Amino acid sequence: MIWLYILLVFLGLIALFLTIKSLQVMKGKRLADKEVASFSHEKIRSTGEVAKLSLMPLVDFKAVDSSFKTEPGVSYLIKADNTNILMDLGFNKKKEHPSPLLHNMEKVGFDPRDIDMIYVSHLHLDHLGGTSEQRSKEFSFSQGNVDIPPVDVYSPEPLTPSKYNPGHKVHVSREPFIIKNGIINMGVIPRYLFVMGYTAEQNIAINLKGKGLVIIVGCGHQRIEKIIERAKLIFDIPIYAIIGGLHFPIKGGRIMAGPINLQYIVGSDTVPWHGLTEDDLNSAIDAIKDADPQIVSLSAHDSSDWAIDQFKKAFGERYQDLRVGEEIIL
Ligand SMILES: [Zn+2]
Ligand SMILES: [Zn+2]
């Protein structure tokens, strides 16, 4: 009898927690959606442009061969004319030194001293270089010192370099602005997530001469529909490519706790039992088709193989694999 009583109390507490959490999420979602809807900005007319552009995935879930280290995190090396941008810093889940980021950097023959700037999409563990980094709002290249001279870091929220690599200058901005000729920060598009709460994510756009905008996304919590809306609002330039994470851990995920697909729960702005659906993926595909890019490439770090297959079917020849060690020339 006592056990039945304990069980009822336990179930009651779970129900209470879920009710409070659901109300919190509904309120947070309403406020974040309101913030997105009320955003206004004049057109950025003289963005400048770059003549040469490539993207080398340094950290992601899939690689071109097994000599690279893979993990459900993101780091891309973007070469825009003579500027080397390191976008995000991987996960380094096992707290290694050298980290998968450094290991793969060495494998592709890139010297970390040649990094010119760092662009941080958002302050989640798989983009900051670790779990403790997320907790302390820091970023790291590895769990030890790395020879990288101080560079400018662009972050959507206050962020500090780790003790291993101090000295980098962090610039925090939520608004769109031109970082450098042809390289534009599209600004924060927030989303309220069930587990992570208010998430301020930003993404980069590069105006490639004669082709158009190359939009590069970290986790894609903003939703690609909102990113495309933002691009139409602030630019008069067609979208040439959409590359990166768009968060579709549907029918499978990359971070599992037993049978529980953590990315599915973490990345949704509704309660987990009404999480991301096929409709969400179809709506994203429709929005991308409307924008009519020539290149589409989806990160496997936060999307399932099933989602990637849907993208392949939808975009055919325009779809390009995103794998560590395989450079995407734009
Ligand atoms: Zn991510
Ligand atoms: Zn994220």
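Worth knowing before you read on, the calculation uses all heavy atoms, side chains too, and leaves out hydrogens, waters and symmetry mates. In this text the structure is predicted, and so the values were computed from the model without any measurement. Ligands are counted one by one from 1 in listed order, and the atoms in each one are counted from 1 as well.
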Check: Can you count the protein N, O or S atoms that lie less than 2.8 Å from the Zn ion (ligand 2)?
Finding: 4
Notebook entry, point to check: Taking atom types as modelled and ignoring hydrogens, do the side chains of Asp280 and Thr277 form a donor-acceptor contact shorter than 3.5 angstrom?
Noted result: yes
Next item on the list: Using the six-membered ring wherever Trp is involved, compare the ring planes of Phe311 and Tyr319 and label them parallel, tilted or perpendicular (cut-offs 30° and 60°).
Entry: perpendicular
Notebook entry, point to check: Just checking, any donor-acceptor pair under 3.5 angstrom between side chains of Tyr76 and Asp60?
Noted result: yes
Next item on the list: Kindly state whether the ring of His171 and the ring of Phe177 have centres lying under 6.0 angstrom apart.
Entry: no
Notebook entry, point to check: Does Lys94 NZ have over 12 foreign heavy atoms under 6.0 Å away?
Noted result: no
Checklist line | Pair Asp65-Ser67, side-chain donor/acceptor within less than 3.5 Å | finding: yes
